[in-house]
Amino acid sequence: MDYDFNGIKIGIAFTGSFCTYAKIFEALHALAKTGADLYPIFSNHAAEIDTRFGDSKEFLTRAKDITGHEPILTIPGAEPIGPKSMLDILVIAPCTGNTLSKLANGISDTPVLMAAKSHLRNNKPLVISLSTNDALGMNLKNIGILLNTKNIYFVPFGQDNYKAKPNSMVAHVNLLPDTIARALSYTQIQPVIVSHCPPEPGSSDAKQ
């Protein structure tokens, strides 16, 4: 399905689930093609840690090249998002269990969490693209809290490896555009929890 987000200001906030970055950057490229005005935001760890999945400086450069904006890397840099009404919608992708738990408990000690707090003050939608090894463990209660919190929406997610990591769940990033489109109308895409990644809405494989 083709999406028209022309002129829509979308914040894309990266946290430290580095294994998902390849899919997140694919989604970022796809969103850029919709005409959206994209603003990258990085948590401290996302901006500083190099892993086997890539170099932090490379990720920052790629985000700037795709969006045309310098990434927001500090709490003072993220704080004006609310007062200046900088965004129409904010997406935390990927959203780690650490960020999820802090968000559910009102903690804003990283640029991403400050961005979320500042953005939500304007009663605008926040989308969570989950990626955590303890979704069905310690973080299950926090998922429940956020599912029941005004203006917060989830990209549909499911268990990614129930045999080796039975508590792990990850978002189906191919559904991010449709999640955003619905969240802009303050509607949660359904179903929220899916066992296998469904086809994109409107594709030839999608069930009618």
Side-chain angles (χ1 to χ4, degrees), residues 1 3-5 7-15 17 20 23-24 26-28 30-32 34 36-41 43 78 81-82 85-108 110-132 135-136 139-160 169-202 206:
M1 179 182 293
Y3 296 89
D4 182 8
F5 294 141
I8 301 295
K9 296 179 180 179
I10 304 175
I12 304 291
F14 290 77
T15 67
S17 182
T20 64
K23 290 184 178 180
I24 299 301
E26 287 180 10
L28 199 60
L31 286 173
T34 68
D37 192 9
L38 302 171
Y39 294 81
I41 304 156
S43 72
I81 286 174
S85 195
M86 292 171 58
L87 303 174
D88 296 305
I89 189 168
L90 174 62
V91 179
I92 303 180
C95 182
T96 62
N98 184 53
T99 296
L100 184 85
S101 63
K102 289 182 176 182
L103 182 62
N105 288 280
I107 299 171
S108 53
T110 73
V112 168
L113 288 162
M114 176 55 73
K117 174 185 177 180
S118 190
H119 176 73
L120 284 170
R121 66 180 276 178
N122 294 330
N123 288 314
K124 292 182 178 181
L126 169 67
V127 169
I128 293 175
S129 182
L130 187 67
S131 179
T132 175
L136 296 178
N139 251 314
L140 183 58
K141 64 179 180 180
N142 295 316
I143 292 173
I145 289 170
L146 295 176
L147 280 169
N148 198 39
T149 299
K150 181 181 178 181
N151 297 328
I152 292 182
Y153 306 92
F154 279 77
V155 179
F157 56 92
Q159 288 176 280
D160 54 307
M169 301 188 85
V170 65
H172 298 303
V173 181
N174 74 314
L175 295 177
L176 179 58
D178 196 49
T179 305
I180 291 173
R182 292 172 187 262
L184 285 167
S185 298
Y186 297 92
T187 303
Q188 171 64 55
I189 186 175
Q190 297 289 345
V192 179
I193 299 176
V194 290
S195 57
H196 298 287
C197 190
E200 294 185 13

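- For the side chain to side chain donor-acceptor pair (under 3.5 Å) test, residues two or more places apart in sequence or in another chain that qualify with K124 are S85.
- For D88, there are no salt bridge (Lys or Arg N to Asp or Glu O under 4.0 Å) partners two or more places apart in sequence or in a different chain.
- Rounded to the nearest 0.5 Å, atoms CG (L126) and CG (L103) are 6.0 Å apart.
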Can you give each donor-acceptor pair under 3.5 Å made by side-chain atoms of residues 91-102, sequence neighbours left out, with the distance rounded to 0.1 Å?
unit_1, atom_1, unit_2, atom_2, d
T96, OG1, T99, N, 3.2
T96, OG1, T99, OG1, 3.3
S101, OG, G97, O, 3.2
S101, OG, N98, O, 2.9
K102, NZ, D109, OD1, 3.2
K102, NZ, D109, OD2, 2.9

Would you mind writing out the side-chain donor-acceptor pairs for residues 141-158 within the sub-3.5 Å range, not counting sequence neighbours?
unit_1, atom_1, unit_2, atom_2, d
N142, ND2, N139, OD1, 2.8
T149, OG1, I145, O, 2.6
N151, ND2, N123, OD1, 3.4

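- Two residues are said to be in side-chain contact when any heavy atoms from C-beta on lie closer than 4.5 Å; L28 and F14 meet this criterion.
- The side chain to side chain donor-acceptor pair (under 3.5 Å) search around T187 returns none, not counting sequence neighbours.
- With rounding to the nearest 0.5 angstrom, the CG atom of L175 is 5.5 Å from the OG1 atom of T179.
- Every residue meeting the side chain to side chain donor-acceptor pair (under 3.5 Å) condition with T132, not counting sequence neighbours, appears here in chain and number order: D134.
- We find the CD1-CD1 distance between I12 and I89 to be 8.5 Å, quoted to the nearest 0.5 Å.
- Side chain of S118 to backbone of A115: no donor-acceptor contact under 3.5 angstrom is found.
- Using a 4.5 Å cut-off on side-chain heavy atoms (C-beta onward), L90 and I81 make no contact.
- In this structure T15 satisfies the side chain to side chain donor-acceptor pair (under 3.5 Å) test with no other residue, sequence neighbours excluded.
- Without hydrogens or angle criteria, H119 side chain to P125 main chain gives a donor-acceptor distance under 3.5 Å.
- Going from atom CG of L184 over to atom OH of Y3 covers 12.0 Å, rounded to the nearest 0.5 Å.
- Between V127 and L176, the closest heavy-atom pair is CG1-CD1, 4.2 Å.
- V173 is not listed as a side-chain neighbour of E26, based on a closest heavy-atom distance of 4.5 Å or more.
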